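Some notes on the structure that comes next.
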Protein chains: 2
Amino acid sequence: MDYILSKNTPRTGAGKSREVGPMGIVEQKTVAERARQAFDALTRAERQLANALLDNYPMLGLESITAVAESAGVSTPTVVRMAKKLGFGGFPEMQASLRAELQATISSPIAKHDQWAASALEGHLLSRFADAVTENIRQTLHQIDKTTFDAVADLLSDPERNVHVVGGRITRSMADHFFTHMQVIRPGVTQIASNSNSWPHYVLNMRAGDVLVAFDIRRYEHDILRLTEMARARDVTVVLFTDQWGSPAARHAAHRFHARIEVPSAWDSTTVILFISEALIAAIETRTWETTRARMNELEELFDKTRLFRKFV
Amino acid sequence: MDYILSKNTPRTGAGKSREVGPMGIVEQKTVAERARQAFDALTRAERQLANALLDNYPMLGLESITAVAESAGVSTPTVVRMAKKLGFGGFPEMQASLRAELQATISSPIAKHDQWAASALEGHLLSRFADAVTENIRQTLHQIDKTTFDAVADLLSDPERNVHVVGGRITRSMADHFFTHMQVIRPGVTQIASNSNSWPHYVLNMRAGDVLVAFDIRRYEHDILRLTEMARARDVTVVLFTDQWGSPAARHAAHRFHARIEVPSAWDSTTVILFISEALIAAIETRTWETTRARMNELEELFDKTRLFRKFV
DNA sequence: CAGGACCTGTAAAAAAAATTTCAGAATTAA
DNA sequence: TTAATTCTGAAATTTTTTTTACAGGTCCTG
């Protein structure tokens with residue numbers, strides 16, 4: 001940006017809201033902090049508003065009260081009431097506070113780099129983690145081949161092919177998640193139990209043309225390698241979710257997704273794997289929408305009948 | 001419905017002013033550019049105003065016309081006249097344009113398209129999904145209270161307290177993932193089976209001071225509500241991972257994490273929940289590092305002995 | 001130095017924003 | 001279930017903002 005930032009700051013943050021804490025120290029709370037803190041004390045409509053405000057923080061709050069109310073889908077009185085609950089005299093006062101915050105934020109170079117670090121999380125593990133994960137997503141996406149993704153989605157949308165899902169010690173949860181959703185989307189989906197002794201039984205049921213979706217990140221598991229090997233021997237197409245280095249099972253896989261998994265932790269992060277998996281589910285669901293919608297409706301009815309899940313909201 | 005998307009208007013960049021150039025190409029000019037360009041055509045008072053505006057760009061322009069006029073030492077009609085000279089319909093229109101600019105400037109630079117859209121994925125489901133997830137992470141982080149996060153990490157690091165983990169139909173995988181890691185980190189961790197009939201048995205083993213980590217996103221499950229209710233009645237601290245709207249179980253929870261879960265799919269995304277969960281695991285592991293390292297080493301040896309997992313790499 | 005063109009601010013009018021009131025709706029408690 | 005309480009938005013009201021009209025100014029030109 002080439003605009004000039006003021007050297008002199010005559011236009012001080014008009015009503016920068018302050019509060020005197022227990023120690024007599026002047027505390028400055030951002031509107032976001034106040035909203036978060038008071039969240040529990042807010043009513044339904046006010047929470048809806050708070051969410052909208054935080055969703056598009058802080059820009060939404062800088063519009064007129066009418067625009068804010070409309071965006072959040074609440075009435076203008078609700079906006080006023082919440083502003084007061086957050087400790088402001090009224091909406092304009094809250095807005096002035098937002099402007100002051102933004103002023104402070106925008107002049108700091110941190111803001112340019114990292115939006116979320118500018119909040120109270122500066123340097124906190126959470127924001128470092130967020131940086132790592134976001135960067136992992138970015139890099140993973142750079143490496144993913146669109147063609148592969150689409151091909152896999154097509155493969156898994158084919159009702160003629162049965163789908164088998166398997167995961168390892170850590171990735172079992174990912175396999176489970178994938179299975180749970182696929183099970184709703186289409187018939188013919190099997191989850192392979194985690195006890196590898198029983199795996200040969202599952203192989204017995206694999207037919208040529210079927211698809212085996214396997215999850216395997218370091219440290220790689222020998223049993224998964226064996227399973228994919230057996231599957232390929234039976235002309236089963238293997239789709240593998242693995243890390244950037246690649247499980248040895250990759251040699252048997254027709255399609256592979258390499259996710260970045262490193263984060264500031266003793267463990268690897270499976271967040272990006274879950275991300276791809278969810279995106280894939282979305283892609284498949286689009287392709288089989290007619291069937292899927294029917295199945296979802298049916299599932300709804302079953303839920304209602306069994307009262308297994310009571311409806312809220 | 002568990003799998004219904006909600007509307008959520010993505011706050012349009014209000015009146016971003018456009019102009020059609022000589023080539024018929026739509027040009028977007030910032031207010032600052034317009035002001036500088038038109039500077040020569042401005043009158044004395046207007047120049048004074050333009051300078052004030054640029055001196056404190058763009059914040060000054062976001063205040064009321066009265067405040068702007070006063071700050072610049074001119075009258076309000078002058079402000080209106082200049083706004084019109086710069087090609088806007090009036091002052092509010094210019095202000096909307098400023099807001100739109102600012103929005104573009106402060107939006108997380110990493111999150112924005114340029115990064116991965118540059119690859120072959122432009123417009124592809126994957127990149128839209130990535131946008132959504134990154135935005136979800138960003139927004140979730142905005143709402144997370146650092147204190148809560150740290151308090152929960154402390155709680156779960158306390159060896160005196162047993163930890164119980166439970167998830168719902170969809171979130172079971174998240175609970176499973178969390179359990180798998182916690183099991184390595186520390187002793188005294190129980191995974192509550194998914195069959196809710198057996199839950200009373202688990203409650204029987206909960207002692208005052210224990211922690212129950214529950215996962216529940218829409219559509220919220222009644223059994224989870226009941227379980228957390230029972231747990232709280234036994235003086236068990238409930239930690240809840242839920243979505244932005246909040247599971248009804250929230251009322252029994254001492255600590256809550258509200259994750260954003262909306263993505264372009266018929267289902268909600270649990271990626272952000274996994275992200276928080278992993279970050280939490282990392283935080284706990286840091287706090288209990290001495291114990292955890294010992295346990296990890298021991299686990300390694302056990303793996304070697306049982307040859308359950310063959311080493312690669 | 002008169003006349004005209006153009007600036008500029010005051011003040012009034014118009015429009016919009018913000019607040020308050022209040023009755024119906026929704027929720028909770030009994 | 002019913003009663004009590006709380007919440008919520010429509011509408012009216014008040015306040016503020018924004019625009020318009022217009023009456024001096026200023027400054028040039030002849």
Side-chain angles (χ1 to χ4, degrees), chain A residues 11 14-15 17 31 38-53 59-99 310-313, chain B residues 14-15 17 31 38-53 59-99 220 222 225-226 229 245-252:
Chain A
R11 207 79 275 312
S17 51
V31 174
F39 199 83
D40 291 334
L42 298 182
T43 66
R44 198 217 82 232
E46 286 165 355
R47 288 180 187 197
Q48 190 174 325
L49 169 63
N51 276 324
L53 235 34
M59 295 315 292
L60 177 55
L62 294 179
E63 313 225 0
S64 76
I65 193 171
T66 320
V68 172
E70 262 176 33
S71 272
V74 300
S75 65
T76 54
T78 300
V79 182
V80 178
R81 281 190 290 258
M82 195 191 70
K84 287 187 176 168
K85 271 199 188 171
L86 298 190
F88 299 101
F91 178 76
E93 203 174 292
M94 180 172 92
Q95 202 172 49
S97 182
L98 277 173
R99 269 197 300 268
R310 189 173 130 194
K311 277 192 178 165
F312 289 101
V313 177
Chain B
S17 50
V31 174
F39 199 84
D40 293 337
L42 297 182
T43 66
R44 198 219 81 234
E46 286 166 353
R47 290 182 186 195
Q48 189 176 323
L49 169 62
N51 278 326
L53 234 33
M59 296 314 293
L60 178 55
L62 294 180
E63 312 227 1
S64 77
I65 194 172
T66 321
V68 173
E70 263 176 32
S71 270
V74 300
S75 67
T76 56
T78 300
V79 182
V80 178
R81 281 190 290 260
M82 194 190 71
K84 288 186 174 166
K85 271 200 186 170
L86 298 190
F88 298 101
F91 177 75
E93 204 174 291
M94 181 173 90
Q95 203 172 48
S97 182
L98 277 173
R99 268 197 301 266
Y220 314 113
H222 192 234
L225 175 61
R226 296 295 306 281
E229 192 179 357
W245 305 281
S247 149
R251 75 181 71 148
H252 303 304

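Because only heavy atoms are used, hydrogens play no part in the values below, and waters and symmetry mates are left out as well, while side chains stay in. Throughout, a chain's letter reflects where its sequence line sits, starting with A, and its residues are numbered from 1. Keep in mind it's a predicted model, so treat the numbers as computed, not measured.
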If you look at every strand shown and take non-hydrogen atoms under 4.0 Å, does [X] touch a base, only sugar-phosphate, or nothing?
X     : result
A/R44 : sugar-phosphate
A/T78 : sugar-phosphate
B/T76 : base

Should [X] be listed as having a side-chain N or O under 4.0 Å from OP1 or OP2 of [N]?
X     : N      : value
B/K84 : D/dT20 : yes
A/S75 : D/dT8  : no
A/T66 : C/dA17 : yes

Just the rounded figure in Å: distance from [atom2] of [N] to [atom1] of [X].
X     : N      : atom1 : atom2 : result
A/Q95 : D/dT16 : CD    : P     : 15 Å
B/M82 : D/dT19 : CE    : P     : 12 Å
A/R81 : D/dC7  : CZ    : P     : 9 Å
B/L62 : D/dT17 : CG    : P     : 15 Å
A/L49 : D/dT8  : CG    : C1'   : 13 Å
A/E46 : C/dA26 : CD    : P     : 17 Å
B/M94 : D/dT17 : CE    : C1'   : 14 Å
B/I65 : C/dA13 : CD1   : P     : 19 Å

Nearest-neighbour nucleotide for the [X] side chain, [options] considered:
X     : options               : value
B/F91 : C/dG9, D/dG9, D/dT19  : D/dT19
B/S64 : C/dA18, D/dT18, C/dC7 : D/dT18
B/A45 : D/dT17, C/dT19, C/dG9 : C/dG9
B/P77 : D/dG9, C/dT19, D/dA21 : D/dA21

Q.
On a heavy-atom basis, which atom in B/L49 and which in B/A72 lie closest, and how many Å separate them?
A. CD1-CB, 3.7 Å
(Q) To check you understand the geometry: which heavy-atom pair defines the closest contact between B/E63 and B/F91, and what is its length? (A) O-CZ, 3.5 Å
